[in-house]
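I have placed the structure first, in the form of structure tokens, so that the comments after it can refer back to it.
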Amino acid sequence: MTELHASLGSGEKLSLNWTYLNAIANGVSAIDLEALALRNLHDARQFAREYGFDMDQPATPGLLQRAQREAVAFIRCSFLEPQQAALIPPEVAAPDDPLQLLVYASQRGQLSDARRMWACAVLKVMHGIFYIDNNLKLRHFHAIRAQVFGTLDEVIRRDGDQYYLSDGDLCLPLLHYDRKDNKGRNSILLKLLQKAAYLAADIYDHLGVRLVFATRCECLLALRTLQRAHLVSVTNVDAERTRNTLLDLEAAKQVFCKHRAQLEHSKAYPLELLRQMDEELAAIAQPQTRCDNPHSGSGFNSIQVTVRKMIHVQQLDAGPDMDYDVSFFFEYEMQLMDEASYQRSLSGPASHEAYKKRQLDTARTRVFGRELLRWIEQQPAAH
């Protein structure tokens, strides 16, 4: 057995990578790093092993190569103009060994800076791809979708082309009912890359619904209907992700109490009364500005609720007496809007197209970093 002695001598110069250690100690996101701190391929193999990839396993090299190719294709398609595709150095675009990217991302010097920056960009996207491929919730997505929409279908009814939200008591007509069945792979990847927490946070809008009513007061009644049906409750709502830029609840309470008797005694659906209530609400309401999403445009108004639902997937055979259901919580989004807010969302800064453009710009800046962006702008092929 080798005897151990306390020592700081290693036979090499004692140096510290202050940028890298600062990122670890102070929680800097990996996507904001400009370099890694690996010395050679031996370090790269150890890094890969601790990350989760054993290079001695026959399937691992092929898995890494596929992720590397997808990352390069994503960057070229999403972040570069066609004439800029060749800016990625060949040894980064098609390395003999994907682990070499880790070494390239750690090397500084005038001759290697461009290669380092491009290697970092590709590795950041590969990190997102590995997250998607190894996310257990995404693997069970078909079961999740069936259970989430199975519950929603109990309260969202259809009569011909007309949808209604009903709990068996109130029955509110919908102007639009939009269902998000799944985000595409590139859309998930883009969302991950622009998030401040990078991969530490989940994507909450894989599934979701948007319910559009004629008036804001109907959105209030819709919230009550969803609460009565127990689809939305204090215990299953992610409070930190609730965003209300639509309704001043104190003002809405005042208007509702004033007209409650009229609503209760209306024989036909009281749309004109609800429109009148909206006008009164607009006159006394305070702007609702709680929105932490930096990509939301001005003029976008909604009540956005993230609902937590317990999902049960098929039994796993763990032994003769050990069959069990795999259960976990999955979060999906509900969005309530009135017609005016919905129309504003179709164009201008509040539109989904403008929102996606802001997301793309943020992701591009974070993946490339300002140093690589400046380098790209200086290249003849960039113009």
Side-chain angles (χ1 to χ4, degrees), residues 152 154-179 208-234 237 242-291 293 296-307 333-352 354-355:
L152 288 167
E154 294 177 5
V155 296
I156 298 173
R157 314 285 181 81
R158 183 175 181 177
D159 184 5
D161 293 332
Q162 176 66 55
Y163 286 94
Y164 296 89
L165 174 67
S166 176
D167 62 350
D169 184 8
L170 299 187
C171 188
L172 305 172
L174 285 152
L175 293 185
H176 299 280
Y177 170 49
D178 299 324
R179 223 169 86 155
V209 293
R210 173 187 283 175
L211 310 178
V212 182
F213 301 91
T215 65
R216 296 194 180 200
C217 288
E218 285 169 293
C219 293
L220 176 65
L221 296 172
L223 202 59
R224 177 258 196 197
T225 301
L226 293 167
Q227 176 254 318
R228 287 286 187 95
H230 305 291
L231 268 74
V232 174
S233 70
V234 173
V237 165
T242 297
R243 304 290 181 266
N244 173 21
T245 55
L246 185 75
L247 276 175
D248 177 344
L249 267 296
E250 286 300 318
K253 179 180 178 181
Q254 183 177 332
V255 172
F256 174 77
C257 290
K258 175 183 175 182
H259 294 283
R260 176 165 52 190
Q262 289 175 273
L263 292 172
E264 290 174 342
H265 293 94
S266 296
K267 294 182 179 179
Y269 190 74
L271 182 57
E272 290 308 313
L273 175 58
L274 290 163
R275 293 191 190 279
Q276 177 189 332
M277 292 169 63
D278 260 27
E279 292 177 5
E280 294 179 19
L281 177 60
I284 63 174
Q286 296 297 314
Q288 302 301 294
T289 57
R290 185 192 171 188
C291 182
N293 190 335
S296 292
S298 59
F300 184 83
N301 300 107
S302 71
I303 297 176
Q304 184 170 295
V305 180
T306 299
V307 180
E333 286 188 354
M334 283 190 187
Q335 193 177 85
L336 307 179
M337 303 179 77
D338 69 307
E339 183 177 16
S341 299
Y342 176 73
Q343 291 299 327
R344 284 196 299 273
S345 76
L346 299 180
S347 61
S351 70
H352 186 67
Y355 173 81

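Side chains included, hydrogens not; waters and symmetry mates left out as well; all remaining heavy atoms used. A quick note: this is a predicted structure, and the numbers were derived from the prediction, not measured.
Here the side chain of Q335 pairs no donor or acceptor atom with the backbone of I303 at under 3.5 angstrom. The backbone N or O of S302 sits less than 3.5 Å from a side-chain atom of T245, completing a donor-acceptor pair. In terms of modelled atom types and a separation under 3.5 Å, the side chain of S166 and the main chain of G168 share a donor-acceptor contact.
Taking the side chain as every heavy atom from C-beta outward, S345 and R210 approach each other to under 4.5 Å. Between L346 and Q343 there is a side-chain heavy-atom pair separated by less than 4.5 Å. Between I156 and L211, some side-chain heavy-atom pair lies under the 4.5 Å cut-off. Side chains of L170 and R224 form a contact here, defined as non-hydrogen atoms less than 4.5 Å apart. Side-chain contact between L263 and L273 is present, with heavy atoms from C-beta onward closer than 4.5 Å.
Contacts of R158 classified as side chain to side chain donor-acceptor pair (under 3.5 Å), with partners at least two apart in sequence or in another chain: Y163. Scanning for side-chain contact (heavy atoms from CB on, under 4.5 Å) contacts around A214 gives L175, E218, L271, R275, with sequence neighbours left out. Scored by the side chain to side chain donor-acceptor pair (under 3.5 Å) test, R157 finds no partners at all (sequence neighbours excluded). Residues passing the side-chain contact (heavy atoms from CB on, under 4.5 Å) test with V237, sequence neighbours excluded: V232, T242, V305.
Here H265 contributes atom NE2 and K267 contributes atom NZ; the two are 10.5 Å apart, rounded to the nearest 0.5 Å. Taken from CG in L223 to CG in L231, the straight-line distance is 11.5 Å, to the nearest 0.5 Å.
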Go through the steps for F213 and L221 under the test side chain to side chain contact (heavy atoms under 4.5 Å, CB included), then give the verdict. CA-CA 10 Å; F213 301 91; L221 296 172; over 6 Å; no
Could you walk me through whether M334 and L152 pass the side chain to side chain contact (heavy atoms under 4.5 Å, CB included) test, one step at a time? CA-CA 10 Å; M334 283 190 187; L152 288 167; 3.4 Å; yes
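Inspection of the S341 and R344 side chains reveals an N or O donor paired with an N or O acceptor under 3.5 Å.
Closest non-hydrogen pair, D167 versus A229, comes out as CB-CB, 4.3 Å. Of all heavy-atom pairs spanning Y269 and C171, the tightest one is CE1-O, 4.1 Å.
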Could you pull out every donor-acceptor pair under 3.5 Å between side chains of residues 246-256 and any protein atom, sequence neighbours left out?
unit_1, atom_1, unit_2, atom_2, d
D248, OD1, E250, N, 3.1
D248, OD1, A251, N, 3.3
D248, OD2, Q286, N, 2.9

When the side chains of residues 276-283 are checked against the rest of the protein, which donor-acceptor pairs come out under 3.5 Å, sequence neighbours left out?
unit_1, atom_1, unit_2, atom_2, d
Q276, NE2, E280, OE2, 3.1
D278, OD1, R216, N, 3.2
D278, OD1, C217, N, 3.0
D278, OD2, R216, N, 2.8
E280, OE1, K258, NZ, 3.3
E280, OE1, H259, NE2, 2.9
E280, OE2, H259, NE2, 3.1

